[in-house]
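Remember, it's 1-based here, ligands and their atoms both numbered in the order they're listed.
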Amino acid sequence: MEFTPEIKDKLDKLQEKYAAMGQDMAAYLDGLLYADFLTYWDYIHLDTLLSLQSPKTPFPDEEIFIMYHQITELYFKLSLHECKQIAEHPALTAEFFANRVKRINAYFNALVSSFEVMVNGMEKEQFLKFRMSLLPASGFQSGQYRMIEICATDFMRLIDKSRREELANATTEEKFEHIYWKFGATELASGKQTLTLKQFIAKYADQFLQLIKEREQTNFAALYHRLLDEGQDVSLLAEELKKLDLFVNVEWPLSHYKSAVRYLERDPVDIAATGGTNWQKYLPPRFQKRIFYPFLWTETQVEEWGKSWVLSVLKTLHT
Ligand code: HEM
């Protein structure tokens, strides 16, 4: 069979490519000859993926709990993948930034609408039993969730509200001592850090501190202000950032809170199942008022943060 001019052209280009690296094209062609055709299951490592669910108890619903956490972590990974591309873009434009935040919003939208898998997808009796075998592990220990926050906003916004002023000129390490979530994992009775928190900090503190420093000038809030100062049209970007603020700080926390209410409310044993944290006071967005971009909201919106949503969620729960 004669080679077409297109094939000859491709062979010439391949030859050039390998020669540039001092490689022998013929050897690589041999490799092609013997290589297997790619399959779907190998490409996405399907067997490995499906082997990663190892329940600790015989309750069938525990697998749902594991898989939904894994699904969530993959969406978090997708979000961080976009955060990195935005932060490290060599010539960032408002258009690129807005389009990539839009992707993150799509991921969170999927997470918010799928949380039903947790809220009504498991038998409460099973959950309350298998949960005790998982202590002191908690979704609270999701490092990726915290990394998304670090990428999304000025680090000061993640510091406990009451300490922000006095820490204005503090070092990153000093500020990190007062990051808001440390207060979500403090034992009700003693005021001491829970084991859940201690283990989380031991594993991730160095990674968090490094990321906080890396994102000092390249978190989304800083980048937004930079583009604004450059005179770029940031109107679409502002809309996407507002959606992100609502997804991460109101809608996802509320979907999640709904699960906590459904499975843990009322029963005194529940407090033990959460490692003794005061989750009723900690989880609702209207108490936390975590806001990435206060400069994009009106004073009233900041004031009313999370309130109407909380009320409507609670209403659907009790009817
Ligand atoms: C039935 C389902 C769930 C229940 C009952 C539940 C319960 C809780 C509770 C009580 C807390 C407060 C901290 C603690 O006491 O451990 C918490 C925190 C947290 N959980 Fe869940 N959770 C559920 C599902 C999930 C899922 C699927 C994820 C996904 C990764 C997740 C991620 C988190 C995160 C990130 C926090 C920290 C929230 C914050 O700091 O505001 N949870 N969860």
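With a 4.0 Å heavy-atom cut-off, ligand 1 is reached by no atom of Arg262. At a heavy-atom cutoff of 4.0 Å, ligand 1 is contacted by no atom of Lys124, backbone or side chain.
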Give every donor-acceptor pair under 3.5 Å between a side-chain atom in residues 4-15 and any protein atom, sequence neighbours left out.
| unit_1 | atom_1 | unit_2 | atom_2 | d |
| --- | --- | --- | --- | --- |
| Thr4 | OG1 | Ile7 | N | 3.2 |
| Asp9 | OD2 | Lys13 | NZ | 3.2 |

Distance-only check: which donor-acceptor pairs under 3.5 Å involve side-chain atoms of residues 22-33, not counting sequence neighbours?
| unit_1 | atom_1 | unit_2 | atom_2 | d |
| --- | --- | --- | --- | --- |
| Gln23 | OE1 | Tyr28 | OH | 2.7 |
| Gln23 | NE2 | Met21 | O | 3.3 |
| Asp24 | OD1 | Ala26 | N | 3.2 |

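At least one heavy atom of Met122 sits less than 4.0 Å from an atom of ligand 1. Residue contacts with ligand 1 include Trp252, since one of its heavy atoms falls under 4.0 Å from the ligand. Residue contact check for ligand 1: Arg146 places a non-hydrogen atom closer than 4.0 Å to it. Not a single heavy atom of Pro253 sits closer than 4.0 Å to an atom of ligand 1.
A donor-acceptor contact closer than 3.5 angstrom is absent between the side chains of Glu73 and His69.
Relative to the six-membered ring of Tyr107, Lys77 misses at least one condition, a distance below 6.0 Å or an angle of at most 45° to the axis.
Test Ile64, Leu128, Val117 against Met122 for side chain to side chain contact (heavy atoms under 4.5 Å, CB included) and you get one pass: Ile64.
Considering backbone and side-chain atoms together, Ser259 places no N or O closer than 3.5 Å to any N or O of ligand 1. Every N/O-N/O distance between Ser142 and ligand 1 stays at or above 3.5 Å. Distances between N or O atoms of Tyr263 and those of ligand 1 include no value under 3.5 Å.
Within the listing of ligand 1, atoms 39 (C), 40 (O), 41 (O) sit less than 4.0 angstrom from a heavy atom of Tyr282. The ligand atoms of ligand 1 that sit less than 4.0 angstrom from a heavy atom of Trp279 are 10 (C), 12 (C). Annotation for ligand 1: atoms under 4.0 Å from non-hydrogen atoms of Ser138 are 14 (C), 16 (O). Ligand 1 places these atoms under 4.0 Å from at least one heavy atom of Tyr68: 27 (C).
The minimum heavy-atom distance linking Phe115 with Ser259 is given by the pair CE2-OG, 3.0 Å.
Arg215 and Glu149 are not joined by a salt bridge, as no carboxylate oxygen comes within less than 4.0 angstrom of a charged side-chain nitrogen.
The aromatic rings of Phe140 and Phe200 stand perpendicular to each other, their planes meeting at an angle above 60°, with 30° marking the opposite boundary.
The closest side-chain heavy-atom distance from Phe59 to Glu125 is not below 4.5 Å.
Between Gln280, Glu149, His69, it is His69 that holds the heavy atom closest to atom 26 (C) of ligand 1. Looking at Arg290, His256, Gln70, Gln288 and measuring to atom 7 (C) of ligand 1, the nearest heavy atom belongs to His256.
A ring-centre distance under 6.0 Å is found for Tyr145 and Phe76.
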